[in-house]
Amino acid sequence: MHDDSISILILSTTVFFSCITGFIIYFVVLYRNKQLKNKKEQEQLQAAFQQELLKTQLEVQEHTLNYISSEIHDNITQVLSFVKLTLATLNNSPEDKKQSKINESRELIAQTITDLRDLSKSLSFEYITSIGLVKTIEIEVERINKSGLIGVSFTLEGESYSLGEQRELVLFRIFQETLNNTLKHSGAKHLKIMLQYHSDLFNLTLEDDGSGFSIQTLGNKHGSGLKNIENRASLIGGIATIESAPDKGCCVKVALNPFKQQFYTDGGTHPDRIG
């Protein structure tokens, strides 16, 4: 009887430790599978981010090329044509006016060379990223005001600092998209642009006085454009809010914590998107 008790105890102990070992192996395999799944998801998210970043780079460059094409056609070509006509009339001009026309043509050609040099710089994506978000937006504001299409005011609050090339590229593209929408659809006379730099918060705000719209009744085209802004803000850890109503203009605001670690750029975790 005593031997039977010992056998039962040994058997029970063996079964117990076998179960414990099985549970440990099960949880190790489960944890390992979860790690592999998380790694795969992170790789997929990273690939999606890089694809979106490349798309953003191409769109920024396309926007720049369109601007350059317009500048060459509307500005530089006209200036050079004027210089050509001026020089062609020199032979028929009085002697006292020849030198004046020559000097004027020299100044116009010098300004054209400067404009072409600036345009050649803007062709470079590295140049756009190197001068930073604030300077890039200032250049765009100057260009739009010069065109007379709309009045643009720019306000900078706080001491500017780098948000990182990827973030600033995406923010600049959001700025471009919003600006284009304002010019094409809003009928606005004025656009306010504000950059706010705080120790733990960055805000980009674009507000126009145009016709506005009802967000709930937007069609697929405009609705997808707004969703695209929200998605891009989410990619860099930001939150985009869009407020508008008929005859009340439109306000687009992107807020983000500049020092919060993000999975896509710094190995942190990506927050849920809030639209």
Side-chain angles (χ1 to χ4, degrees), residues 49 52-53 56-57 59-60 63-64 67 118 121-122 124-146 150-183 186 188-210 226 228-244 248-275:
F49 174 77
E52 184 64 29
L53 185 65
T56 301
Q57 290 174 342
E59 288 175 347
V60 169
H63 175 89
T64 303
Y67 160 61
D118 292 340
K121 288 180 179 178
S122 66
S124 169
F125 171 73
E126 288 76 13
Y127 175 75
I128 295 174
T129 57
S130 67
I131 63 177
L133 181 65
V134 174
K135 185 62 178 177
T136 305
I137 290 181
E138 285 179 342
I139 292 173
E140 286 289 288
V141 169
E142 182 180 355
R143 177 177 71 85
I144 296 299
N145 282 328
K146 183 180 178 181
I150 189 175
V152 183
S153 63
F154 176 67
T155 303
L156 174 64
E157 290 187 2
E159 189 73 23
S160 64
Y161 46 77
S162 174
L163 298 168
E165 288 186 3
Q166 294 178 338
R167 275 176 165 170
E168 292 195 350
L169 172 65
V170 174
L171 287 168
F172 180 62
R173 183 55 193 158
I174 291 174
F175 162 79
Q176 282 185 332
E177 286 186 273
T178 305
L179 177 61
N180 289 340
N181 289 337
T182 300
L183 294 176
S186 73
K189 295 182 179 180
H190 194 267
L191 175 66
K192 296 179 182 179
I193 301 169
M194 179 180 292
L195 294 180
Q196 296 171 299
Y197 289 86
H198 303 293
S199 59
D200 58 353
L201 181 66
F202 167 83
N203 284 323
L204 166 64
T205 305
L206 300 102
E207 183 177 4
D208 67 54
D209 60 355
L226 298 180
N228 193 37
I229 290 175
E230 292 179 341
N231 289 339
R232 282 185 166 158
S234 177
L235 281 175
I236 57 173
I239 299 173
T241 56
I242 302 169
E243 299 177 356
S244 185
K248 299 293 184 181
C250 178
C251 180
V252 176
K253 186 173 184 178
V254 178
L256 61 84
N257 184 336
F259 302 111
K260 184 176 181 180
Q261 297 293 308
Q262 299 300 316
F263 160 72
Y264 299 110
T265 55
D266 302 313
T269 58
H270 183 269
D272 293 333
R273 180 177 62 82
I274 300 178

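Please read these numbers as outputs of a predicted model, since none were measured by experiment.
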Treating Tyr197 as the side-chain partner and Leu156 as the backbone partner, does any N or O pair qualify as donor plus acceptor under 3.5 Å? no
Residues that Lys248 engages under side-chain contact (heavy atoms from CB on, under 4.5 Å), provided they are two or more places apart: Ala245
In chain order, what residues pass the salt bridge (charged side-chain N to carboxylate O under 4.0 Å, His left out) check against Glu207, with sequence neighbours excluded? none
Euclidean distance, Leu204 CG relative to Leu256 CG, rounded to 0.5 Å: 9.0 Å
I'd like to know if the side chain of Asp209 and the backbone of Ala188 have a donor-acceptor N/O pair within less than 3.5 Å. no
The side-chain contact (heavy atoms from CB on, under 4.5 Å) partners of Glu243 (sequence neighbours excluded) come to none
State which residues pass side-chain contact (heavy atoms from CB on, under 4.5 Å) with Ser199; sequence neighbours excluded, sorted by chain then number. none
So, does Ser244 use its side chain to make a donor-acceptor pair with the main chain of Gly249 at under 3.5 Å? yes
Enter the distance from Ile150:CD1 to Ile144:CD1 here, rounded to the nearest 0.5 Å. 8.5 Å
Partners meeting ring pair (Phe, Tyr, Trp, His ring centres under 6.0 Å) with Phe154 (sequence neighbours left out): none
Can you tell me how far the CD atom of Glu177 sits from the CG atom of Leu206, to the nearest 0.5 Å? 11.5 Å
Separation between CD1 of Ile174 and CD of Glu230, rounded to the nearest 0.5 Å: 10.0 Å
Using modelled atom types only, decide if a donor and an acceptor are shared between the side chain of Arg167 and the backbone of Pro258 within a distance under 3.5 Å. yes
Quick one: pull up CE in Met194 and CD in Glu157 and give me the separation to the nearest 0.5 Å. 4.5 Å
Can you confirm whether Glu142 is buried at CD, in the sense that more than 12 heavy atoms of other residues, nucleotides or ligands lie under 6.0 Å from that atom? no
Quick one: does any side-chain atom of Thr182 pair with a main-chain N or O of Thr178 as donor and acceptor, under 3.5 Å? yes
Residues in side-chain contact (heavy atoms from CB on, under 4.5 Å) with Glu168, at least two apart? Leu133, Ser162, Leu163
